[in-house]
K.L.:
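What follows is a single structure, and I will ask about it in a moment.
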Amino acid sequence: MISKPRGTRDFTPEEMRKRRWLEQKMRSIFEKYGYEEISTPTIEHLDLFTLKSGEGIIEETYAFEDKAGRKLALRPELTAPVMRFYVERFQMETKPIKFYYFGNCFRYDRPQKGRYREFWQFGCELIGSDKPEAIAELIAMAYNILRESGLRNIILRVGNLDILRRFLDGIGARDAEIMRLIDKKDFEELEKKMEEKEFKEFMNFIEIKKIEEIEYEEADRMKEIFEFLEEFAIPYNLDLSIARGLDYYIGVVFEIDAPKLGAEKQICGGGEYNLVPLLGGRKIPTAGFAIGFDRTLLALETEGFKFEEEYKPVYIAYMEGMIKEAIKIVRMVRQHDIKAEMDLMRRSISKSLEYANKKGFNKVIIVAPDEWKKNKVVLKDMEKREQKEVEIESLPHLLKNQA
RNA sequence: GCCCGGGUGGUGUAGCGGUAACAUAGGGGACUGUGGAUCCCCUGUCUCGGGUUCAAAUCCCGACCCGGGCCCCA
């Protein structure tokens with residue numbers, strides 16, 4: 001037997017119903033903010049990702065050579081492809097540009113709860129404005145997408161790399177390794193890397209919860225962003241310890257967690273970055289975020305969220321020798337855009353009803369010879385346990401009203 | 001890549017050296033024109049590969065996959 005590759009998943013109809021529901025929900029919210037959907041290829045040149053994140057990421061990327069020897073990769077994320085698309089096609093477009101996307105990504109990781117080798121990301125990029133209200137709206141949208149999807153237990157943390165870097169410069173402790181340790185919140189190692197006095201200052205610094213306490217000029221813009229976030233009615237927490245390892249992140253960064261998820265609790269991350277020049281485009285403000293679709297769904301399920309149920313099709317059962325008549329009925333009903341399925345097992349009426357009952361159909365049409373002669377069928381309501389003979393012509397009307 | 005735990009019908013479990021079992025689900029029937037109960041019949045299982053043994057689902061090793069954590073998280 002051949003099973004699915006490690007870290008990938010099959011989705012049952014029940015799971016797909018939930019996924020489609022959430023997908024449509026999130027899509028509609030992006031649209032509500034005026035973002036437009038784009039899509040990029042599943043495979044890209046490997047260089048697109050190494051350029052952005054360094055050679056180190058190859059180990060965790062599905063990288064391969066095609067038959068012509070090109071170095072390609074299954075995309076491990078979507079920001080770089082979208083920026084590539086922007087540089088190739090949209091540099092001269094009216095600003096701001098607001099793109100959103102939904103797609104599968106691949107990382108060669110050790111799978112665990114909420115972490116798969118094939119996973120789905122929703123995300124967006126805002127190109128052309130770095131005004132405080134633009135960043136505030138972006139963060140507000142991220143937060144609201146999760147809230148309006150039904151999540152109740154989420155925490156938004158907002159940091160600022162300009163301020164963090166300024167501070168580290170001030171105590172002479174800025175380097176890549178320290179940024180990495182801050183990102184990991186590995187304070188024990190940090191203590192070893194810094195002088196005692198510096199470390200104390202640092203710990204005091206990241207404890208700051210009010211932006212007013214920071215005196216750098218970089219804090220002014222941050223203050224304004226927070227004012228606007230309040231205007232957008234978004235509860236936020238200042239967290240100056242958000243570091244993000246990579247150099248092209250600048251300015252505001254933010255993360256949203258669903259604390260109940262455990263080790264893999266971050267469901268959204270984003271901020272301002274500077275990637276366009278790396279890809280050969282003209283420098284322009286860019287910011288965005290990505291939402292872990294699978295984790296969001298997991299978080300919803302953990303919170304016991306009730307997903308809407310779709311209405312059931314009408315089920316058409318028939319007496320022996322009435323198959324063609326049943327087909328006529330199922331055709332006619334479907335032509336009126338009513339979901340319908342007919343018995344495909346040649347079941348007896350008794351078994352058909354047992355089946356309809358088990359599968360949760362509410363409406364059943366029984367096609368039988370006596371009624372057929374009168375241009376009628378039996379319409380049965382499974383829940384009310386009632387049935388009546390109805391004119392065939394009246395079926396679409398009756399079914400639509402009762403859907 | 002590392003550490004720990006686990007893989008028995010579709011699903012959930014028992015068995016833990018000696019005939020693979022139970023529940024549930026699926027198909028059919030008892031009920032020849034009417035559903036949730038009952039009864040009967042049928043289908044279907046030890047993740048894979050080595051090893052130990054007279055004998056392995058069971059013990060050992062490895063692989064694969066799943067779960068929890070570490071690393072990483074663009």
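Proteins get letters first, then strands, A, B, ... in listed order; numbering begins at 1 in each.
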K.L.:
Do any side-chain atoms of residues 273-284 of chain A form donor-acceptor pairs under 3.5 angstrom with protein atoms, and if so which ones, sequence neighbours left out?
P.N.:
| residue | atom | partner | partner atom | Å |
| --- | --- | --- | --- | --- |
| A/Tyr273 | OH | A/Glu125 | OE1 | 2.5 |

K.L.:
Name the nucleic acid region contacted by A/Thr79, choosing base, sugar-phosphate or nothing; use a 4.0 angstrom heavy-atom cut-off, strictly under.
P.N.:
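The answer is nothing, as A/Thr79 stays clear of every strand by at least 4.0 Å.
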K.L.:
Would you mind classifying the nucleic acid contact of A/Tyr248 as base, sugar-phosphate or nothing, using non-hydrogen atoms under 4.0 angstrom?
P.N.:
sugar-phosphate
K.L.:
Are A/Tyr101 and A/Phe122 close enough that their ring centers fall under 6.0 Å?
P.N.:
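Centroid distance A/Tyr101-A/Phe122: not below 6.0 Å, so no.
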K.L.:
If you go through the side-chain atoms of A/Arg115, does one of them form a donor-acceptor pair with the base of B/rC72 closer than 3.5 Å?
P.N.:
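Pair found.
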K.L.:
Mind checking A/Gly114 for me? I need base, sugar-phosphate or nothing, with any heavy atom below 4.0 Å counting as a touch.
P.N.:
nothing
K.L.:
Would you mind reading off the distance between A/Asn274 atom CG and B/rA74 atom P, rounded to a whole angstrom?
P.N.:
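After rounding, the reported distance stands at 17 Å.
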K.L.:
According to the Watson-Crick and G-U wobble definitions, with both distances under 3.5 Å, which nucleotide is paired to B/rU34?
P.N.:
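The base-pairing partner of B/rU34, which may sit in any strand shown, does not exist here.
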K.L.:
Aromatic ring centroids of A/Tyr355 and A/Tyr315 under 6.0 Å?
P.N.:
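Between A/Tyr315 and A/Tyr355, which both carry aromatic rings, the centre distance is below 6.0 Å.
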K.L.:
Rounded to whole Å, how long is the line connecting atom CD of A/Glu60 with atom P of B/rC70?
P.N.:
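It is 15 Å, rounded to the nearest whole Å.
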K.L.:
Rounded to whole angstroms, how far apart are CZ on A/Arg110 and P on B/rC71?
P.N.:
14 Å
K.L.:
Using atom P of each nucleotide, how far apart are B/rU24 and B/rA20 to the nearest Å?
P.N.:
23 Å
K.L.:
Using 4.0 Å as the upper bound for N to carboxylate O, is an ion pair formed by A/Asp109 and A/Arg115?
P.N.:
yes
K.L.:
Need the pair for B/rA21. Rule: Watson-Crick or G-U wobble, both distances under 3.5 Å, any strand; none if unpaired.
P.N.:
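Across any shown strand, B/rA21 pairs with B/rU13.
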K.L.:
Determine which nucleotide pairs with B/rC39, using a 3.5 Å limit on both distances of a Watson-Crick or G-U wobble pair.
P.N.:
B/rG29
K.L.:
According to salt bridge (charged side-chain N to carboxylate O under 4.0 Å, His left out), who are the partners of A/Lys374, at least two apart in sequence or on a separate chain?
P.N.:
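A/Lys374 satisfies salt bridge (charged side-chain N to carboxylate O under 4.0 Å, His left out) with A/Glu389 once adjacent residues are dropped.
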K.L.:
Mark up nucleotides 26-35 of chain B, 5' to 3', with B wherever a protein heavy atom is under 4.0 angstrom from a base atom, S wherever such an atom reaches only the sugar-phosphate, and - elsewhere.
P.N.:
SSBB---BBB
K.L.:
Could you tell me whether the side chains of A/Glu77 and A/Gln121 share a donor-acceptor contact shorter than 3.5 Å?
P.N.:
no
K.L.:
Say we look at B/rU53 and B/rG18: how far apart would their C1' atoms be, to the nearest angstrom?
P.N.:
12 Å
K.L.:
Whole-Å distance between B/rC65 C1' and A/Tyr116 OH?
P.N.:
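Going from A/Tyr116 (OH) to B/rC65 (C1'), I get 14 Å.
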K.L.:
Which residue in the set A/Thr296, A/Ile29, A/Leu156 passes side chain to side chain contact (heavy atoms under 4.5 Å, CB included) when paired with A/Leu146?
P.N.:
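The residue from A/Thr296, A/Ile29, A/Leu156 that satisfies side chain to side chain contact (heavy atoms under 4.5 Å, CB included) with A/Leu146 turns out to be A/Thr296.
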K.L.:
Using the C1' atom in both, what is the distance from B/rG26 to B/rU11, to the nearest Å?
P.N.:
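That atom pair is separated by 11 Å.
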K.L.:
Suppose you measure atom C1' in B/rG51 against the same atom in B/rG44; what distance do you get, rounded to whole Å?
P.N.:
30 Å
K.L.:
Check the distance between B/rC73's P and A/Tyr62's OH and give it to me in whole angstrom.
P.N.:
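So the two atoms are 18 Å apart, to the nearest Å.
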K.L.:
Taking atom P in both B/rU19 and B/rC3, what distance in whole Å separates the two?
P.N.:
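B/rU19 and B/rC3 have their P atoms separated by 37 Å.
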K.L.:
Are OP1 or OP2 of B/rC65 and a side-chain N or O of A/Arg6 less than 4.0 angstrom apart?
P.N.:
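Answer yes for this pair, as a side-chain N or O of A/Arg6 is under 4.0 Å from OP1 or OP2.
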K.L.:
With P as the reference atom in both, quote the distance from B/rU58 to B/rU47 in angstrom, rounded to an integer.
P.N.:
8 Å
K.L.:
Roughly how many Å apart are B/rC16 and B/rA57, using the C1' atom of each and rounding to a whole number?
P.N.:
8 Å
K.L.:
Does the side chain of A/Glu118 pick up a donor-acceptor pair with the side chain of A/Asn104 at under 3.5 Å?
P.N.:
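There is such a pair between these side chains.
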K.L.:
For the pair made of OH in A/Tyr273 and C1' in B/rA74, what is the distance, rounded to whole Å?
P.N.:
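Distance check: A/Tyr273 OH to B/rA74 C1' gives 12 Å.
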K.L.:
Return the nucleotide paired to B/rA57: Watson-Crick means purine N1 to pyrimidine N3 with N6-O4 or O6-N4, wobble means G-U with N1-O2 and O6-N3, both under 3.5 Å.
P.N.:
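Pairing partner: none.
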